[in-house]
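Report on the structure given below.
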Amino acid sequence: MVLILLSRDLCFIRQYFKNVIFAGGKTEILMESVIKNCIKEAVKTLYNNDAEDELIQIQETRKDFRGDFTLVVFPILRFSKNTPEQTGKDIGAYLSEKLPAVTGFNVVKGFLNLEISDRWWMEYFRATAGEEDLFSVCRVDNPETILVEYSSPNTNKPLHLGHIRNNLLGYSLFRILSSCGHNVYKTNIVNDRGIHICKSMLAWQKYGNGETPESTGMKGDHFVGKYYVTFEREYKAQIEELVLQGTGEAEARNSAPLMQEAREMLVRWEAGEKEVVDLWRTMNSWVYEGFEETYRMLGVDFDKIYYESETYKTGKEIVLSALRDKILYSHNDNSIWADLTAEGLDHKVLQRSDGTAVYITQDLGTAVARHNDYRFEKTIYVVGNEQNYHFQVLRVLMKKLGYKWADGLIHFSYGMVELPDGKMKSREGTTVDADDLIREMKETARDVSMELGKLSGFSEEEKADIFRKIGLGALKYYILKVDPHKNMTFNPGESIDFNGNTGPFIQYTYARIGSVYRKAGEMGIEPDISQLMSARPGQKEIDLIKLLRRFPVTVREAAAAYSPAMIANYCYELSKEYNQFYHDFSILGEENKALRNFRLILSGLTSRVLSAGMWLLGIEMPERM
RNA sequence: GGUUCCGUAGCUCAGUUGGAUAGAGCAACAGCCUUCUAAGCUGUGGGUCGGGCGUUCGAGUCGCCCCGGAAUCACCA
């Protein structure tokens with residue numbers, strides 16, 4: 001072990017990467033393991049005792065103290081039967097003697113801070129810088145087949161900010177899990193049937209005068225959404241009139257002619273009546289065209305899209321079959337129910353008395369269809385926390401129906417996006433439209449860039465591409481940096497920032513490094529990894545190496561926690577650290593060639609890690625900005 | 001009322017399995033471009049981590065009880 005640490009054999013360093021150990025959710029990289037083992041040895045030698053792994057807590061030393069790794073001494077006191085200070089000193093002395101990489105130590109209160117040699121950090125850095133695949137360390141031993149369901153739009157209105165959060169989370173999750181070696185498939189369930197769809201169909205029939213997205217120049221989903229709004233407006237007017245005539249509010253809602261017609265239309269649709277089905281197909285196709293465009297702008301896509309209009313039938317079969325098997329029961333009115341009281345839940349209706357399916361019916365069918373298609377270990381449903389109960393029921397229900405794999409159905413529950421004055425409501429028109437927001441972000445990116453006087457000498461096409469990357473980078477980062485399961489507030493009045501903890505800040509750091517490399521090329525300077533070890537790093541550079549070392553660990557933790565936010569915050573931290581370095585030190589102007597080479601490679605790895613991290617978030621990096 | 005989630009600086013948010021003096025950004029103020037991109041860097045001010053009790057050598061983090069907010073408890077989706 002001691003010898004291994006001194007070894008400069010590249011094979012060892014390769015081995016280092018294979019030695020990222022994840023035990024019980026904990027992450028350890030070899031250096032920590034080496035120290036840990038040596039401390040066990042110390043406890044055995046000094047105190048004649050065996051220390052359990054959990055008692056030996058190694059962490060990175062906080063910046064305000066001298067050292068690289070820190071042992072929390074308190075848990076060891078039970079063996080040493082001595083003061084924290086003395087115990088720390090004893091173990092520190094033992095480690096310094098046994099581990100050449102440990103060049104010194106200090107004890108502050110109950111913390112033993114170990115100093116690691118620069119040489120060791122450089123060895124580590126050389127190996128990482130030479131590694132082509134930054135995710136190789138992240139790969140799990142047992143890859144799973146995982147489906148990520150996200151987006152799940154209704155086909156009666158365009159996407160809004162809430163959907164954006166959903167899409168970004170789902171897509172990022174896909175990339176994070178894939179990077180860890182899982183076989184991940186992106187799926188979508190489209191809510192393309194039901195009374196809400198009939199509403200916009202009916203309104204178009206009555207008030208549309210045959211206009212189309214083409215004839216009006218509108219995006220398809222907005223076009224259809226317009227008729228959904230029309231329906232709600234006219235319906236409301238009818239209700240008001242009925243109430244004026246003395247009808248009760250509830251009765252008015254129920255008996256308004258428009259609502260009755262919508263219901264009739266649903267029945268005709270379910271009966272497969274050609275005229276209705278054709279209209280449904282046409283209007284849905286308009287919506288899909290619109291969605292396609294929004295998805296394309298957001299940079300998300302799907303491996304397989306499921307449609308509720310198909311899976312609800314499978315769901316109904318499952319329900320009927322379970323009824324025959326007496327797993328379910330029916331009421332006198334022919335509605336079908338599940339009794340989940342034994343599981344701590346309630347009774348749940350699975351089919352209406354008129355024989356039509358409810359929301360959860362299609363989820364049963366969709367899950368089974370997906371399992372037939374993919375034999376997945378897990379399906380991760382990216383769905384808002386307002387549906388927590390629904391997914392609790394879904395899993396319990398599927399277990400009850402005998403699907404053992406239902407344990408793999410995971411609700412990735414994320415928080416709502418709220419406006420300063422509360423929740424977004426489609427019907428009240430208080431949503432932030434996805435297309436509008438994306439367009440505004442690109443415009444803001446243009447304004448900011450122009451004001452800063454950047455990008456002169458670029459073609460309009462190149463500029464548009466850069467503004468797109470920056471605008472979307474700002475938007476995506478703004479949303480993904482927040483812990484997914486928390487609600488977040490979006491203030492439309494204050495535009496999304498481009499300074500500080502933002503996407504553009506990280507993109508800017510990347511672009512700066514790109515600029516350094518271009519300059520290096522002009523100067524004829526080539527980075528040379530084989531010359532790395534002749535450089536003597538400073539403290540800031542070691543700090544950067546330490547931060548870079550945390551990247552694969554962060555990815556693994558983000559995968560385990562389903563949290564793109566952890567990646568986002570890591571990228572920010574790295575950018576901030578790098579910008580300090582960039583400000584304080586000259587790279588190409590450094591006269592010591594070994595140091596110049598080292599700084600260039602350090603910058604190169606930083607840009608690669610930033611780029612990889614942002615890629616996990618679905619954020620593109622501009623080469624210049 | 002039951003269940004679940006949230007509460008950290010004026011605002012928006014970080015804070016790894018409990019560890020040292022709770023951190024960023026925005027906003028405010030004061031500095032730094034003849035040198036690799038100033039979308040940057042440095043500094044100042046700003047906190048009863050909603051409140052209390054408990055567990056522990058140690059609690060923003062774990063447990064219990066309150067307070068405040070959100071969601072949900074439909075033959076809606």
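Side-chain atoms are counted along with the backbone in the values below, which use heavy atoms only and exclude waters and symmetry mates.
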Between protein and nucleotides 2-7 of chain B, what N or O pairs are separated by less than 3.5 Å?
| unit_1 | atom_1 | unit_2 | atom_2 | d |
| --- | --- | --- | --- | --- |
| B:rC6 | OP1 | A:His485 | NE2 | 3.4 |
| B:rG7 | OP1 | A:Lys486 | NZ | 3.2 |

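- The stretch residues 188-197 of chain A touches RNA chain B through A:Asn191, A:His196, each having a heavy atom within less than 4.0 Å of the strand.
- As rounded to the nearest Å, B:rG58 and B:rG43 have C1' atoms that lie 33 Å from one another.
- With sequence neighbours left out, the side-chain contact (heavy atoms from CB on, under 4.5 Å) criterion links A:Val383 to A:Glu149, A:Tyr381, A:Gln387, A:Phe391, A:His411.
- For B:rU21, the OP1/OP2 oxygens have a side-chain nitrogen or oxygen of A:Lys109 closer than 4.0 Å.
- In this structure, CZ of A:Arg263 is placed 12 Å from C1' of B:rC76, rounded to the nearest angstrom.
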Dot-bracket for RNA chain B, 5' to 3', with Watson-Crick and G-U pairs under 3.5 Å, [ ] for crossing pairs and | for other-strand pairs: what is it?
-> (((((((..((((.....[...)))).(((((.......))))).....(((((..]....))))))))))))....
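- Using a 90° window around 0 for the glycosidic torsion, B:rC67 falls outside it and is classed as anti.
- Residue A:Gln580 places at least one side-chain N or O under 4.0 Å from the OP1 or OP2 atom of B:rU42.
- Ion pair A:Arg352/A:Asp354 not flagged as a salt bridge, since none of the NZ, NE, NH1 or NH2 atoms sits closer than 4.0 Å to an Asp/Glu carboxylate oxygen.
- Each of A:Asn501 and A:Asn579 was matched to the nucleotide of RNA chain B holding its nearest heavy atom; the match closer to the 5' end belongs to A:Asn501.
- A centroid separation of less than 6.0 Å is found between the aromatic rings of A:Phe581 and A:Tyr578.
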Output a table of nitrogen or oxygen pairs between the protein and nucleotides 36-39 of chain B separated by less than 3.5 Å.
| unit_1 | atom_1 | unit_2 | atom_2 | d |
| --- | --- | --- | --- | --- |
| B:rC36 | O2 | A:Leu588 | N | 3.0 |
| B:rC36 | N3 | A:Ile587 | N | 2.9 |
| B:rC36 | N4 | A:Tyr582 | O | 2.8 |
| B:rC36 | N4 | A:Phe585 | O | 2.2 |
| B:rU37 | OP1 | A:Ser515 | OG | 2.2 |
| B:rU37 | OP2 | A:Ser515 | OG | 2.9 |
| B:rU37 | O2' | A:Tyr508 | OH | 2.3 |
| B:rU37 | O2' | A:Arg512 | NE | 2.9 |
| B:rU37 | O2 | A:Lys454 | NZ | 2.6 |
| B:rU37 | O2 | A:Met625 | O | 3.4 |
| B:rU37 | N3 | A:Met625 | O | 2.7 |
| B:rU37 | O4 | A:Met625 | N | 3.0 |
| B:rA38 | OP2 | A:Arg512 | NH2 | 2.4 |
| B:rA39 | OP1 | A:Lys454 | NZ | 2.3 |
| B:rA39 | O4' | A:Asn499 | OD1 | 3.4 |
| B:rA39 | O3' | A:Asn499 | OD1 | 3.1 |
| B:rA39 | N7 | A:Lys454 | NZ | 3.4 |
| B:rA39 | N6 | A:Ser449 | OG | 2.9 |

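- Not a single side-chain contact (heavy atoms from CB on, under 4.5 Å) links A:Ala560 to another residue, sequence neighbours left out.
- Across the protein-nucleic acid pair, A:Lys576 atom NZ and B:rC13 atom P stand 20 Å apart, rounded to whole Å.
- On the P atoms, B:rC33 is 46 Å away from B:rU61, given to the nearest whole Å.
- Ring-centre distance between A:His331 and A:Tyr329: below the 6.0 Å cut-off.
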